[in-house]
Amino acid sequence: MNPHVIVIGGGTAGMEAAGRLARAGMSVTLIEKGKDLGGHLRDWYHLFPDRRSSDEVLEYLKGQISHQNIRLLTGQQVTGFIHKGNEFTVSTGNGDTINGDALLLATGFDLFKSERKEEYGYGIYENVITSADLEAMFRKKEVKLVSGKKPERIGFLHCVGSRDEKVGNIYCSKLCCVTAVKQAIEVKKIFPASKVFCFYMDMRMGGALYEELYKEAQEKYSVGFIRGKVSEVAVNINNRLVAKVEDTLVGRPLKMELDMLVLMAGMEMSEDAVRLAKETNLQMGENRFFKPADHHFGTNMGNVNGVFYAGACTAPLNITETISHARSAVTEIVNYLNTGRK
Amino acid sequence: MNFDPFIIPFNIGLYFILIYAVVRSVIWFRELSRPDKLRLQRGFFGKAFGQSLKEIFLESLIHRKILKSNPRLGYMHMSLAFGWFLLILFGTIEADIFGERHLNPPYKAIFFKFFSPDHGKTFFEASYAFLMDLILAFILSGLVLAVTKRFFSRVVGMKKTTKLKPLDKVALTSLWLIFPSRLIAESLTSGAYGTGSFLTGNLGAALASFLPANELAYPFWWLYSLSLGTFFVLLPLTRYLHIPTELFLIFMRNSGIRTGDKPGSFSEVEVHSCSSCGMCIDVCQLGFSAGIHTIQATYLMKGIRNSDYIHDIAHNCLMCGRCDQICPVGIEISPIRMIVRRIEENDRVYENSWNGYFRNRLNVPAPKQDNKPSYDFLPAPVSKKADVLYFAGCMTHLTPSIKKAMVKILDASGLNWSFIDEDGGACCGRPLMLAGNDREARELINFNSQLIWKSGAHTLVTSCPICYKVFRESYYLDVEVLHHSQFIKNLIDEGLVNMNFLQKRVTYHTPCELGRRSGVYEEPKEVIRHVATLEPTGYDDENSLCCGGSLGNIMLSHDKRRGIAEDVTARLTANDPDSLITACPLCKKTLAQATSTRVVDIAELVAEAIADAPALKKNPSRHKKKVVRESAASL
Amino acid sequence: MEKFGFSLTKARVIDYDANDRSIVSYILEREPSLNLCIECGCCSAACTTGNFTGFSLREIHILLKRGENDLVRQKIRKCMLCGKCILVCPRGVNTRNVVFLAKQAFTKNEGYEF
Ligand SMILES: Cc1cc2nc3c(=O)[nH]c(=O)nc-3n(C[C@H](O)[C@H](O)[C@H](O)COP(=O)(O)OP(=O)(O)OC[C@H]3O[C@@H](n4cnc5c(N)ncnc54)[C@H](O)[C@@H]3O)c2cc1C
Ligand code: SF4
Ligand code: SF4
Ligand code: SF4
Ligand code: SF4
Ligand code: SF4
């Protein structure tokens with residue numbers, strides 16, 4: 001009989017890994033708590049760095065998992081697992097148990113809950129939205145204010161819930177800078193006459209083609225960049241949002257009226273995964289993502305032999321990195337099942 | 001027999017301490033301000049005198065407050081203080097009745113057994129001896145507790161016990177020796193003469209059966225006298241000075257004297273009245289939630305007494321008032337801390353001189369004389385005319401949901417109101433005061449006062465308890481100052497807002513500045529009960545906790561603040577309420593960081609409850625005055 | 001010698017080696033969180049004083065670190081210690097204590113009174 005690998009989480013990482021594992025001759029059960037596969041990818045519109053449609057990537061992933069060795073279990077949430085010797089027994093929310101020889105956790109991330117930064121007014125003022133809300137508007141092809149009007153000035157607020165001691169996340173989510181730039185371009189494409197500004201602390205454009213995207217945003221779309229962290233948002237009598245920031249490069253406070261404010265919410269370890277980790281004694285790092293066994297050679301492994309990680313459950317990763325990480329997880333799992341089991 | 005040289009140490013000690021007490025009180029009296037002198041004189045010859053005697057009996061002798069909160073510790077203090085008092089009282093009576101003559105010098109009472117060794121033969125004498133033995137046994141039982149406490153502080157139910165300096169140790173040893181040496185001296189004498197009651201008699205008989213009791217007794221009488229004498233002579237140099245000092249404190253306090261904002265006789269008396277009981281240590285969150293064990297009130301008092309460097313101690317405190325609340329001696333701890341904060345870093349509050357026997361008050365350090373204004377950039381104050389002013393406060397601008405809720409409530413009330421600091425105003429001044437910068441604070445107070453005066457309003461509503469406190473206490477305003485919880489309470493009472501009852505279970509965190517610092521406990525709870533189910537937490541009212549965000553502490557790090565907030569939210573959400581309610585933007589922000597439970601200001605809760613309420617009574621002008629005036633009574 | 005259109009005057013250049021950084025050392029010893037500042041400007045955006053006049057705590061921080069004490073001395077007394085900055089600082093800098101200690105350091109080191 002083929003070794004049986006249980007993959008938990010059907011997002012980019014879980015799908016890619018499941019497909020590759022099946023092709024490597026494993027029998028795979030892919031468990032996804034949601035109705036559909038795809039994870040966060042399904043919520044995005046055009047992807048950085050090249051603005052290809054997310055549907056294309058999703059198509060590719062669907063192709064990956066159409067394999068006879070893969071059993072799909074959707075609408076089931078993994079709530080815990082136990083292991084005896086080399087065998088793992090995974091339990092799901094509806095009380096089922098599934099046995100397997102190895103586990104791959106691909107539980108992904110949660111978007112930071114922007115209500116927690118009350119001073120930015122999410123859930124309090126109309127037209128303060130998150131990056132994910134904006135992607136949803138893009139997908140519906142309905143970018144507009146609550147009043148139905150076109151936004152004339154749009155602000156993007158970087159680092160909401162990342163790099164912030166006050167919410168307990170000191171890490172950088174790594175891809176919201178480039179997401180802001182990507183979204184700024186998309187907005188400008190829809191409303192060429194609008195003015196778009198990014199409020200940033202640092203522009204972290206470290207990925208392939210990111211800086212190029214940044215330059216394009218300046219060159220072709222005249223996106224404005226203001227270096228300063230917004231302290232608070234209010235509404236004025238014209239019912240417009242007012243962001244307060246220090247323009248640190250000028251060294252003076254700046255107030256700006258905006259029609260729409262997009263919060264670049266950061267990535268956090270998913271709440272479900274935190275519960276799972278606590279339940280099963282899987283170690284988490286200080287950032288609460290799963291703690292890798294080694295930061296150079298062991299990012300797919302944790303503290304329990306036979307449990308592997310892939311994707312954004314280990315750190316904020318983009319799709320490119322997620323896919324590579326899923327592939328390396330497959331290599332590790334195959335290696336483990338062939339030789340590594342004690 | 002009327003005299004023996006062994007009484008000399010005792011006599012020296014006794015007369016020394018009596019003279020010292022007189023001199024010291026004269027100095028303290030002379031340094032009081034004129035009004036305080038008058039107060040004290042009036043207090044001494046008025047009914048405050050009786051009150052003081054009662055309090056001395058209850059607190060200094062019985063130690064009622066300690067007894068209530070920690071019975072074992074209370075018993076320890078009571079047996080020593082009250083027991084010793086009884087021993088002296090009945091000893092004096094004993095000497096008077098049974099001695100050779102009446103009106104004996106004190107040593108006759110103290111060493112009665114030595115001078116009347118065969119006392120105790122008749123039935124009457126024996127019953128009196130029984131009483132005296134009983135008192136001695138009472139004291140000794142407390143002493144055993146005290147000795148154990150020194151070595152194992154848990155025995156008396158305390159987490160920490162205070163540390164001693166060398167002189168204190170000598171004094172403590174002599175104090176500890178007093179009663180055991182009396183026990184043995186009396187027992188040996190009783191043994192030799194076949195007198196004494198159940199304690200000294202039996203012990204004496206047992207000792208005399210194998211020891212030369214008569215010869216041995218004498219050195220123990222010496223020891224008894226010496227330990228008494230030593231204790232009395234050292235008393236003023238040690239923390240035991242608190243015993244006599246507390247008596248002065250009680251008289252002064254009952255005469256209406258208060259700490260004030262500068263060092264003076266009263267604060268000096270307070271500082272020396274601290275018994276180092278350590279109750280302030282146990283309630284301090286900086287200790288039990290943040291691991292800071294050096295700044296509590298008892299260390300502050302000790303630092304001041306010893307003229308140590310106490311700048312950091314003074315500033316590293318949340319000013320939450322939990323220790324003020326618990327101190328059994330009733331020391332006004334926070335005002336004393338504020339005195340230290342107001343002086344220059346290196347200045348001492350009191351200076352030791354004469355080897356510590358006379359700690360004289362320093363000339364009050366001259367306030368930093370710099371008359372250059374700090375905030376001359378503030379514009380000329382202009383404000384709109386309105387009946388009710390709303391001052392959100394600096395912090396509330398970071399909690400837009402509170403602001404939004406208040407706007408909704410004020411609009412719903414139909415009152416003619418105006419939002420003074422809608423676009424941000426000047427700070428209320430309290431944070432500066434808490435840092436000891438009173439002059440700077442005055443500038444802000446003047447600015448804001450003008451804004452308020454010019455509006456012609458009769459009511460000032462604020463969302464921030466920090467502002468509320470300073471508006472009420474340090475501003476000279478002709479308006480009624482209300483915290484928004486009080487304002488909402490009045491609106492409810494007047495029927496100016498209609499609300500739905502929300503099916504929610506909530507707990508309430510009392511902000512320090514609103515609760516312990518301003519005495520507003522009931523109105524917020526009543527408002528909450530009006531719209532939701534309020535559950536107790538065990539940390540309610542006077543016993544409420546500090547969220548950790550306090551501006552009263554300028555030194556505390558972010559991590560420690562967070563640690564405190566986590567501890568507090570864990571306690572307040574132990575029964576998993578739907579929301580944790582508070583009534584302060586700073587508390588809200590601090591607590592919300594530390595819990596997954598929703599933290600909501602009382603104004604938001606109310607705004608939520610009026611969401612779908614039917615139309616309100618309009619034309620409220622006839623209510624207007626009443627709403628506002630009545631609330632004064634409720635404060 | 002030919003004159004260029006600009007000259008490097010003292011006011012322009014931060015003479016790092018000549019500057020006195022004892023003030024910042026004094027503060028850092030007591031409030032090491034000053035080192036955590038990333039100059040994001042959130043404190044100065046929130047600042048109550050900054051709403052009225054040119055005052056930036058962020059700028060104070062960096063000036064202190066560079067030893068530009070004169071500028072700090074002129075400005076620092078404007079802070080109202082209101083504490084908004086503490087609530088917003090993403091790095092958990094204990095901003096009020098920096099102000100407090102800076103004033104103290106000036107008073108001590110230079111006999112300058114606030
Ligand atoms: C606003 C935003 C825009 C982005 N745009 C881009 C972009 O343009 N280009 C790009 O390269 N990257 C982008 N990313 C990053 C991208 O979303 C991630 O790299 C990717 O989603 C990570 O995939 P994942 O499978 O690891 O996690 P996820 O996508 O989060 O998938 C995890 C899946 O696991 C499931 N799951 C979790 N716990 C359980 C459980 N206990 N039991 C069962 N199922 C469970 C979840 O339901 C979910 O379906 C963006 C991210 C954000 C926040
Ligand atoms: S990637 Fe950019 S926006 Fe995101 S956390 Fe890092 S610096 Fe902030
Ligand atoms: S300050 Fe009060 S509570 Fe604290 S040790 Fe002294 S007497 Fe006890
Ligand atoms: S006021 Fe509060 S923080 Fe300060 S010493 Fe007393 S209990 Fe501790
Ligand atoms: S404490 Fe000072 S620097 Fe901070 S926000 Fe208030 S006025 Fe500005
Ligand atoms: S908010 Fe904090 S990190 Fe940002 S500039 Fe101010 S002190 Fe520095």
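The figures that follow rest on heavy atoms only: side chains count, while hydrogens, waters and symmetry mates do not. Proteins get letters first, then strands, A, B, ... in listed order; numbering begins at 1 in each.
The aromatic rings of A:Tyr210 and A:Phe48 stand perpendicular to each other, their planes meeting at an angle above 60°, with 30° marking the opposite boundary.
Ranked by heavy-atom pairs under 4.5 Å with chain C, the list A:Cys159, A:Ser231, A:Ala243, A:Gly251 is led by A:Ser231. Counting heavy-atom pairs closer than 4.5 Å to chain A, the top-ranked of the candidates C:Cys47, C:Cys85, C:Cys43, C:Ala45 is C:Ala45.
Applying the side-chain hydrogen bond (donor to acceptor under 3.5 Å, both in side chains) criterion to A:Glu271, with sequence neighbours excluded, gives A:Lys113. A search for salt bridge (Lys or Arg N to Asp or Glu O under 4.0 Å) contacts involving A:Arg252 returns nothing, not counting sequence neighbours. Take A:Arg204 and apply the salt bridge (Lys or Arg N to Asp or Glu O under 4.0 Å) test, not counting sequence neighbours, and it matches A:Asp202.
Judged by the 6.0 Å distance and 45° axis criteria, C:Arg30 is positioned over the aromatic ring of C:Tyr26.
Using a 4.5 Å cut-off between heavy atoms, C:Leu36 makes no contact with chain A at all. Neither the backbone nor the side chain of C:Glu59 comes within contact range of chain A; no heavy atoms are under 4.5 Å apart.
A:Asp133 and A:Thr130 form a side-chain donor-acceptor contact under 3.5 Å, judged by distance and modelled atom types alone.
Salt bridge annotation for A:Glu119-A:Lys117: present, with a cationic side-chain nitrogen under 4.0 angstrom from a carboxylate oxygen. Between A:Arg288 and A:Glu268 there is a salt bridge, with a side-chain nitrogen of the basic residue lying less than 4.0 Å from a carboxylate oxygen of the acidic one.
At a heavy-atom cut-off of under 4.5 Å, chain C is reached by A:Glu165, A:Lys166 from residues 165-188 of chain A, listed in order of number.
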